[in-house]
Amino acid sequence: MKKFLFVFFLALGISTAYSQSFYRYRFEEPWSISAGIGPTQYFGELYSFWKYNEGVQPDWNASFSINYIFGTHLKARGEFTYYKMSGSDPPSDPRAFRFPRNLHFRATNWEVAGIVEYYWHPIKLNNITRHLWNPYIFFGVGMSTNNPQAELNGTWVDLRPLQLENNPYEKYIIVFPMGLGFKYKLNVYMDLKVEGNYRFTLTDYMDDISAYNVSEFYLDLVNDYVTGENPDRLRLAIRNPQFMLDNGEPDVQAILNNRGRIRRGSGLTHRYDGYMTLNVGVEIFLSRDIWDNWIFRDRIYEKRFRFW
């Protein structure tokens with residue numbers, strides 16, 4: 001009888017200890033943080049990958065987000081993104097008729113966005129039972145800074161304050177992120193994620209270019225240049241080789257003779273600029289035992305536990 005009781009309580013103790021070791025992974029972890037990095041591609045007057053055969057002109061971005069599971073397949077995230085973008089005429093397809101403008105720009109912006117994700121597999125699960133892989137779609141709304149620059153005599157100049165087209169535009173713009181993503185479970189606490197995100201916007205001035213030509217405002221540009229009030233406006237607005245002097249200054253007489261019929265953009269008010277990011281990153285679930293069991297899991301009493 002004593003031997004039976006000993007074996008019974010020993011088995012019960014082992015079972016309890018084993019159950020407790022697994023119990024730490026049975027929590028639903030609604031909160032997580034994620035970070036990613038990857039290339040950025042701008043789409044606008046100086047780049048039209050959708051219509052013409054042009055080479056990619058990539059820059060880069062980095063993002064950080066805080067995530068919360070609020071439904072069986074749904075997750076919300078607040079995301080912060082630092083991104084760079086640029087565009088120029090030289091790589092343009094000749095069919096786009098953009099190469100004579102000799103225009104370019106670059107921008108460094110910040111974006112903040114609220115996004116909802118919908119997953120193929122359920123995500124409101126115990127931490128250890130997350131699916132090995134899980135594709136998802138997402139959409140949201142956010143706000144981004146808008147600060148295009150162009151180089152003039154070796155110095156990068158902010159274009160927005162100059163109002164090259166006599167049309168002021170906002171420093172902050174509304175963006176609508178949407179796209180596809182894929183997650184792969186690396187371990188109990190962390191997923192690998194790959195995500196493509198295109199942002200639609202409500203502005204045509206991310207590159208500081210919108211008007212078809214300068215005919216409506218070329219006299220203002222010429223006047224600012226001739227009077228010396230703000231000569232950089234003409235220098236930055238018109239850079240076509242046939243309207244430049246040998247010393248690199250605008251040919252005022254040629255501009256006047258042409259009556260401002262100098263190509264600048266598409267002139268389509270409904271065609272807004274946008275940009276796309278393709279990021280690779282990780283998502284870490286904020287489990288209550290993450291510090292002891294993952295960060296310090298190599299300690300002697302933790303070595304036997306390694307759940308993936």
Side-chain angles (χ1 to χ4, degrees), residues 40-52 54 57 59 83-109 111 142-152 156-176 198-225 230-244 250 255 258-276:
T40 306
Q41 177 61 58
Y42 139 87
F43 297 94
E45 310 295 332
L46 295 175
Y47 190 86
S48 184
F49 183 71
W50 310 122
K51 188 175 181 181
Y52 302 103
E54 299 175 321
Q57 302 179 44
D59 289 272
Y83 67 96
K84 292 189 173 184
M85 58 193 298
S86 63
S88 60
D89 273 339
S92 174
D93 190 313
R95 291 174 297 170
F97 297 105
R98 292 200 296 271
F99 57 91
R101 297 176 304 177
N102 199 29
L103 296 173
H104 69 277
F105 91 103
R106 75 174 187 185
T108 299
N109 294 319
E111 175 199 295
M143 179 170 289
S144 171
T145 59
N146 185 29
N147 185 37
Q149 296 179 315
E151 187 178 14
L152 181 63
W156 285 92
V157 180
D158 290 339
L159 297 175
R160 186 176 56 83
L162 296 177
Q163 298 183 22
L164 300 186
E165 298 185 358
N166 285 358
N167 189 15
Y169 53 91
E170 299 298 326
K171 180 179 180 180
Y172 301 99
I173 60 174
I174 301 296
V175 299
F176 300 94
Y198 185 84
R199 279 78 158 187
F200 293 91
T201 75
L202 297 179
T203 183
D204 195 28
Y205 280 104
M206 294 199 78
D207 47 19
D208 195 66
I209 303 171
S210 181
Y212 181 77
N213 58 37
V214 301
S215 59
E216 294 185 5
F217 49 86
Y218 78 100
L219 291 178
D220 292 334
L221 297 175
V222 170
N223 182 69
D224 286 347
Y225 180 81
N230 197 342
D232 288 347
R233 295 186 71 220
L234 184 63
R235 292 172 177 145
L236 290 166
I238 301 177
R239 304 170 69 95
N240 311 56
Q242 63 269 40
F243 297 102
M244 302 286 290
I255 295 171
N258 187 265
R259 297 182 181 179
R261 294 189 297 271
I262 302 170
R263 181 69 183 271
R264 182 163 170 83
S266 68
L268 300 176
T269 56
H270 64 278
R271 181 183 292 177
Y272 296 130
D273 297 337
Y275 56 102
M276 183 173 67

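If you read the sequence from its start, that first residue is 1, and numbering goes on from there. Computation of the quantities below employed the complete heavy-atom set of this structure, encompassing side-chain atoms and omitting hydrogens, waters and symmetry-equivalent molecules. What you see is a predicted model, and the numbers here were worked out from it, not measured in a lab.
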Calculate, to the nearest 0.5 Å, the distance between atoms [atom1] and [atom2] belonging to [X] and [Y] respectively.
| X | Y | atom1 | atom2 | result |
| --- | --- | --- | --- | --- |
| Met143 | Ile173 | CE | CD1 | 9.5 Å |
| Leu46 | Arg106 | CG | CZ | 15.0 Å |
| Ile255 | Ile238 | CD1 | CD1 | 4.0 Å |

Sequence neighbours left out, what passes side chain to side chain donor-acceptor pair (under 3.5 Å) with [X]? Give chain and number order.
| X | value |
| --- | --- |
| Thr145 | Asn109 |
| Asn147 | none |
| Asp273 | none |
| Ser86 | Asp59 |

Residue pair [X] / [Y], side-chain heavy-atom distance below 4.5 Å:
| X | Y | value |
| --- | --- | --- |
| Tyr225 | Pro250 | yes |
| Asn146 | Met206 | yes |
| Gln57 | Gln41 | yes |
| Ile262 | Arg101 | no |
| Phe105 | Ser88 | no |
| Arg264 | Leu164 | yes |

Over all heavy atoms of both residues, which pair between [X] and [Y] is shortest? Give the atoms and the distance, please.
| X | Y | result |
| --- | --- | --- |
| Leu103 | Ala237 | CD2-O, 4.1 Å |
| Ala107 | Pro148 | CB-CA, 4.1 Å |
| Leu236 | Glu151 | CD2-O, 4.3 Å |
| Phe176 | Leu202 | CE1-CG, 3.8 Å |

- [ ] For Arg235, check salt bridge (Lys or Arg N to Asp or Glu O under 4.0 Å) against everything at least two apart and list the hits.
- [x] Asp232, Glu249
TODO: With sequence neighbours excluded, tell me which residues meet salt bridge (Lys or Arg N to Asp or Glu O under 4.0 Å) with Asp207.
DONE: none
Open item on the list: Restricting to side chain to side chain contact (heavy atoms under 4.5 Å, CB included), what partner residues turn up for Tyr212, sequence neighbours left out?
Closed with: Arg263
Open item on the list: Under 4.0 Å between a side-chain nitrogen and a carboxylate oxygen: does that hold for Glu111 and Arg199?
Closed with: yes
Open item on the list: Is the ring pair Tyr42/Tyr47 parallel, tilted or perpendicular, if the boundaries are 30 and 60 degrees?
Closed with: tilted
Task: Aromatic ring proximity Tyr83/Tyr275, centre distance under 6.0 Å - done: yes
Can you give me every donor-acceptor pair (side chain of residues 215-224, partner residue at least two apart or in another chain, under 3.5 Å) with its distance?
| residue | atom | partner | partner atom | Å |
| --- | --- | --- | --- | --- |
| Ser215 | OG | Asn213 | OD1 | 2.7 |
| Asp220 | OD2 | Asn166 | ND2 | 2.7 |
| Asp224 | OD2 | Arg233 | NH1 | 2.7 |

- [ ] Output all residues satisfying ring pair (Phe, Tyr, Trp, His ring centres under 6.0 Å) with Phe200, sequence neighbours left out; order by chain, then residue number.
- [x] Tyr198
Task: Sole residue of Thr203, Asn167, Asp204 in side chain to side chain donor-acceptor pair (under 3.5 Å) with Ser210 - done: Asp204
Backbone N or O of [Y] within a donor-acceptor pair of the [X] side chain at under 3.5 Å?
| X | Y | value |
| --- | --- | --- |
| Glu165 | Ala211 | yes |
| His104 | Ala150 | no |
| Asn258 | Arg261 | yes |

